[in-house]
Amino acid sequence: RIGSLRSSRAARAFSRFVKKHSGGGCRFSFLNYDSLDELVDEMTTNKLDLAVIGAFSTHVKTIYSKLKNSDIEYHLIGRSPICVVVGRSNPLYGRTEAVTLEDLYPFTAVQYGPTFSDPSHSLLHETGLSLHTAGEINVTGAQIFFDLIAETDVIGLVAAWPQAFRRYHEEPSTWIIPIRDCELMAEYGWIKPRRTILPELAQEYLDILVELY
């Protein structure tokens with residue numbers, strides 16, 4: 001029973017995990033949550049074996065404290081920079097040099113996740129781009145996020161090393177570019193109730209997940 005704060009990498013890892021085990025009987029679940037508070041409530045009532053979470057560098061101390069107070073273990077997977085992703089219709093497609101935040105001002109930006117209920121989860125908000133972009137589109141799922149990037153000239157921000165991004169998003173219709181003047185970082189980890197033992201299959205899922213970071 002796996003939870004996630006709408007992480008596309010967590011979802012991709014789950015798909016690969018299920019593919020490996022779909023030949024036999026299985027009872028798996030993968031649930032997305034809109035807020036850390038909701039996810040923690042589910043975990044403290046023993047409804048999840050583990051969950052994958054992400055946090056911006058500006059909020060990690062608050063999240064550490066919240067998890068500790070709820071008697072939940074946190075295990076760091078890694079840290080990633082913020083990059084921009086564009087499609088073939090965007091003039092930045094194919095660029096090999098890093099861009100600046102100002103280079104992104106002329107474009108409409110798309111983002112996904114619980115940005116309405118929790119603005120601090122918004123990359124546009126945290127980088128300051130929400131004050132400068134030509135427009136803003138909010139969606140609730142990763143699929144439509146990447147579809148819009150691939151099919152229009154909008155931009156999207158992701159927290160990923162470029163080489164890692166290509167391991168979980170292999171579409172040639174999208175192009176990832178580093179942002180050289182963005183100091184914000186993202187941190188990813190997994191959590192579980194402190195007094196529970198991680199199931200063997202959950203560890204197998206984690207092994208697949210870590211390869212995508």
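- Relative orientation of the His59 and Phe56 rings is tilted, given thresholds of 30° and 60° on the angle between their planes.
- Residue Ala159 comes nearest to Leu123 through the heavy atom pair N-CD1, 4.3 Å, listed as atom of the first residue, atom of the second, then distance.
- Ile137 and Phe146 end up in the same hydrophobic cluster when Ile, Leu, Val, Met, Phe, Trp and Tyr side chains are linked at under 4.5 Å.
- Taking CZ of Arg12 as the start and CD1 of Ile208 as the end, the distance is 13.0 Å to the nearest 0.5 Å.
- Under the 3.5 Å distance criterion, with hydrogens and angles disregarded, no donor-acceptor pair is assigned to the side chains of Ser8 and His169.
- In this structure, Glu151 and Ser173 have side chains that are not in contact, with every pair of non-hydrogen atoms separated by 4.5 Å or more.
- Glu183 CD: 12 or fewer foreign heavy atoms inside a 6.0 Å radius.
- When every heavy atom of Ala10 is checked against every heavy atom of Phe30, the shortest pair comes out as O-CE1, 3.6 Å.
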Show which side-chain atoms of residues 75-82 pair as donor or acceptor with protein atoms under 3.5 Å away, not counting sequence neighbours.
unit_1 : atom_1 : unit_2 : atom_2 : d
His75  : NE2    : Glu73  : OE1    : 2.9
Arg79  : NE     : Glu187 : OE1    : 3.1
Arg79  : NH2    : Glu187 : OE1    : 3.4

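- Residues Trp190 and Leu198 have side chains in contact (heavy-atom distance under 4.5 Å, counting atoms from C-beta outward).
- Across all their heavy atoms, Pro172 and Arg88 have their closest contact at O-NH2, 3.4 Å.
- Going from atom SG of Cys83 over to atom CD1 of Ile177 covers 9.0 Å, rounded to the nearest 0.5 Å.
- One side chain, Gln111 or Ser122, offers a donor N or O that lies under 3.5 Å from an acceptor on the other.
- Under a hydrophobic-cluster definition in which Ile, Leu, Val, Met, Phe, Trp and Tyr are linked whenever side-chain heavy atoms come within less than 4.5 Å, directly or via other members, Ile191 and Leu201 are assigned to different clusters.
- At least one side-chain heavy atom of Leu129 sits under 4.5 Å from a side-chain heavy atom of Tyr105.
- Using a 4.5 Å cut-off on side-chain heavy atoms (C-beta onward), Pro193 and Thr44 make no contact.
- The CD1 atom of Ile53 sits 6.5 Å away from the CG atom of Leu5 when rounded to the nearest 0.5 Å.
- At distances below 3.5 Å, not a single donor-acceptor pair connects side-chain atoms of Ser65 with backbone N or O atoms of Lys61.
- Annotation: side chain of Phe165 is in contact with side chain of Val85 (closest heavy-atom distance under 4.5 Å).
- In terms of modelled atom types and a separation under 3.5 Å, the side chain of Asp153 and the main chain of Pro91 share no donor-acceptor contact.
- Distance CG/Asn138 to CZ/Phe145: 11.0 Å, rounded to 0.5 Å.
- Side chain of Ser7 to backbone of Ser4: no donor-acceptor contact under 3.5 angstrom is found.
- At most 12 heavy atoms of other shown residues, nucleotides or ligands fall within 6.0 angstrom of atom CD in Glu97.
- With hydrophobic clusters built from ILVMFWY side chains whose heavy atoms lie under 4.5 angstrom apart, Tyr74 shares a cluster with Leu39.
- Here Tyr205 and Phe28 keep their ring centres 6.0 angstrom or further from each other.
- Evaluation of the salt bridge (Lys or Arg N to Asp or Glu O under 4.0 Å) test over residues 140-149, restricted to residues two or more places apart or in two chains, returns none.
- Residues Leu184 and Val99 share a hydrophobic cluster, clusters being chains of Ile/Leu/Val/Met/Phe/Trp/Tyr side chains in contact below 4.5 Å.
- For Glu170, the CD atom counts as densely surrounded, since its 6.0 Å shell holds more than 12 non-hydrogen atoms of other residues, nucleotides or ligands.
- Contact record, Glu136 with Ser130: OE1-CB, 3.8 Å, taken as the closest heavy-atom pair.
- Lys66 has its side chain within reach of Asp37: a pair of non-hydrogen atoms, C-beta onward, lies under 4.5 Å apart.
- Looking at Arg167, its side chain does come within 3.5 Å of a backbone N or O of Glu211 through a donor-acceptor pair.
- Rounding to the nearest 0.5 Å places CG of Leu92 at 13.0 Å from CD1 of Ile176.
- Counting only distance, with no hydrogens or angles, the side chain of Thr45 and the backbone of Glu42 share a donor-acceptor pair below 3.5 Å.
- Checked by atom type and distance alone, the side chain of Arg95 never pairs as donor or acceptor with a backbone atom of Trp175 at under 3.5 Å.
- No single ILVMFWY cluster, assembled from side-chain heavy atoms under 4.5 Å apart, contains both Leu48 and Phe17.
- Between Leu104 and Ile179 there is a side-chain heavy-atom pair separated by less than 4.5 Å.
- Going from atom NZ of Lys47 over to atom CG of Leu31 covers 10.5 Å, rounded to the nearest 0.5 Å.
- Side-chain contact between Val154 and Ile149: present, with at least one pair of heavy atoms (C-beta onward) separated by less than 4.5 Å.
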